[in-house]
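These notes are about the structure you will find just below.
In what follows, chains are A, B, ... by sequence order, proteins preceding strands, each numbered from 1.
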Protein chains: 2
Amino acid sequence: MNVDETAPQKGTVTQRAIERIKAMIAEGRLEPGQRLPTERDLATQLGISRSSMREAIRALTVLGVLEARHGSGIYVTQLEAGDLLETFGVVADLSRGPRLVELLEVRRILESTATALAAARITPDQLAEVEKHLTAMNATDDPEEILAHDLAFHREIAAAAGNETMAAILEGLSSRTFRARVWRGYQEEGAFARTRREHAAIHRALVAHDPEAARAAAAAHVGEVEEWLRAQLGG
Amino acid sequence: MNVDETAPQKGTVTQRAIERIKAMIAEGRLEPGQRLPTERDLATQLGISRSSMREAIRALTVLGVLEARHGSGIYVTQLEAGDLLETFGVVADLSRGPRLVELLEVRRILESTATALAAARITPDQLAEVEKHLTAMNATDDPEEILAHDLAFHREIAAAAGNETMAAILEGLSSRTFRARVWRGYQEEGAFARTRREHAAIHRALVAHDPEAARAAAAAHVGEVEEWLRAQLGG
DNA sequence: CCTCTGTATTGGTCGGACCACTTCGCTGGT
DNA sequence: ACCAGCGAAGTGGTCCGACCAATACAGAGG
C-alpha cells in the first residue's frame, strides 16, 4: 500500500528540493540575507545527492531567490523586486512576433501609470537626474549612447513613481537586447525627432506636476513604437 | 597575455552555457518545440561536463524556456506567455510586507485595463463562462471553492481582453498561495458581501460592454483589498 | 595592533556509473 | 498482411567520489 511517510514521490527529487527550499523561505524559516547550510549538508538533510541539490540551488539562483558566493556559502537574497524580477528580461529577450506587441502594450499601460505617479511625486533632485539624461540624449548622435540615456531617462521616472515592483517590471520590459531589437528598425526611419519631441512632452508634464498630461504623453510615446511594430508584423 | 580566443571566461561555465543556449534560441537557431541534442552531446559541444550542462538545462527549465522529458529528450517550449511567465508566481509567493502592496498596485493597474478591454471585446461564449463562475462562487460557502471560482472569474476576463501576456502576468499575480495568504485575512472580516457586490458590478459592466465602467469596477475591486492590506501593515 | 600567511571551509567542475522511462524496431502469432 | 507484445537502444534522472578555485579565519610575525 506504500505507506512511505517520508517520500511523497511527486516529480523529480530536484524539483522537490526546490519546493522545499522555497517553502522554507515562504514560511519564514529562512530570512532574507541569511546564509544556508553548505551544499553537502543540505543534500544530506533532504536525503539527496549533492548533484541534485546543486541543480536545485542553481535553479533558485537564476530565479533570484538564492545567491551563491564561491568559497563563502549560499545566501538568501534580499528578496526585493529587483532580485526576483530580473528574469523578466528573459521573457522580453525571447519573445517574438505578436508577443512583442503584447509586451509593448503591457509596457504602455504600466509606463503611462508610472509616469503619471512620477509627475505627482517627483522631487527636484529626481527631476534634475531626469533632465541630465534628457539633455545628454539630445547632445549626441551615437545610437548606443542615445539608447543608454533613453533607458536611464525612463528608469529615473519609474523610480520616482515610488513603486519598486513596477520599476523592476518596466526595467525587464526595457532590457537592453529587447530595446535594441525593436529600436533598431524604429529609429532607422528617422524617428529621432519624434522621440525627442515625445520625451520633451513627458518632461514638461513632470515639471508641471501634471499627472494626466504625463500619462497621456507616456502612453503616446510607447504607443508610437507599438503601432510601428504592429504595422511591421501586419505587412 | 592570455590571448585565449575560445574562452571569454566570464562567470561560471554553467552560466556561460545558459547564455549560449539562450542566444541560440534568440538567434532563431533553435525553434519553439524543437528538440535539442542530448545532454551528453550538448556538454561535448560546449566543452563542459555533463553535470554543468545539466545545471544549465535545469535553470532554463525552471525559467520555462526548455522542457525535459524523461527518456525522450530536451525540447524548447512554445515560448508563449504562459510558459515564460510561470515563474512570476514565485515573486508573488515570496513577497511580503510593503512588496505585497506594490504587487497589488500593479495588479490593480493591469486588471482594470484588462477588464476594460474585455468589456469591449468579450464574446457571448466568454461571457457565459464568466457568469458560470460568478454564480458558482455565490452558491457555496466553502472558502476553497469560492477562491477557485474567484480566480477563474478573473482569469476568464483576462483571457477575453485578448492579450495573452497580460493574462499570464495577472495569473502570476493571482497565484494560489498569494491569494490564499491575503484573502484569508481579508475575508475573515466579512468581506464576502462586498466582494459579491463588486463582482456583480464588474459583470454588469461586461454585459453592457462599457469599458470605463468595467475599468472603474475592477480598480475599485482590487483597490479595496489593496487598502485593507495597506492598513494592516500600517497598524 | 596590524599585516602577512597558510590552512580549513565551501562552492565549482569533472568523469563515470547506474537507474528509470521512452521509443521503436523486431518477433511471433493471427 | 497485419498487429500485439517484447526487448534492446537511447535518453534524462540520480548518485558517488575526486579535485580545483575562491574565500574566510586563525595564528605567526613584524
Side chain of Arg50(B) - closest among dA17(C), dT13(C), dC15(D): dA17(C)
Sub-4.0 Å heavy-atom contacts from residues 30-45 of chain B onto DNA chain C, ordered by number: Arg40(B)
Contact residues, residues 51-62 of chain B to DNA chain D [heavy atom, < 4.0 Å]: Arg54(B), Arg58(B)
Arg184(A) with Glu188(A): basic N within carboxylate O range, under 4.0 Å: no
Reading 5' to 3' through nucleotides 21-26 of chain D, protein heavy-atom contacts under 4.0 Å coded B for base, S for sugar-phosphate only, - for none: BBBS--
Distance test, side-chain N/O of Thr14(A) to OP1/OP2 of dT14(D), below 4.0 Å: yes
Arg16(A) CZ to dT14(D) C1', straight-line distance once rounded to whole Å: 11 Å
Chi angles and distances behind the side-chain hydrogen bond (donor to acceptor under 3.5 Å, both in side chains) call for Thr12(A), Gln15(A): CA-CA 5 Å; Thr12(A) 67; Gln15(A) 196 63 40; 4.8 Å; no
Test item: Thr135(B) side-chain N/O and Lys132(B) main-chain N/O as donor-acceptor pair under 3.5 Å: yes
Nearest to side-chain heavy atoms of Ile74(A), which nucleotide of dG15(C), dT14(D), dG11(C): dG11(C)
Heavy-atom check, side chain of Val130(A) versus side chain of Phe153(A), under 4.5 Å: yes
Salt-bridge present (Arg155(A), Glu129(A); N to O < 4.0 Å): no
Residue pair Ala161(B) / Ala114(B): nearest heavy atoms and the distance that separates them: CB-O, 3.4 Å
Results of ring-ring contact (aromatic ring centres under 6.0 Å, His included) for His221(A) - residues two or more places apart only: His154(A), His199(A)
Side chain to side chain contact (heavy atoms under 4.5 Å, CB included) involving Ser175(A) - partner list, sequence neighbours excluded: Ala92(A), Asp93(A), Thr177(A), Phe178(A)
Ion pair Arg58(A)/Glu55(A), N-O distance below 4.0 Å: no
Residue pairs fulfilling salt bridge (Lys or Arg N to Asp or Glu O under 4.0 Å) with at least one residue in residues 73-90 of chain A, sequence neighbours excluded: none
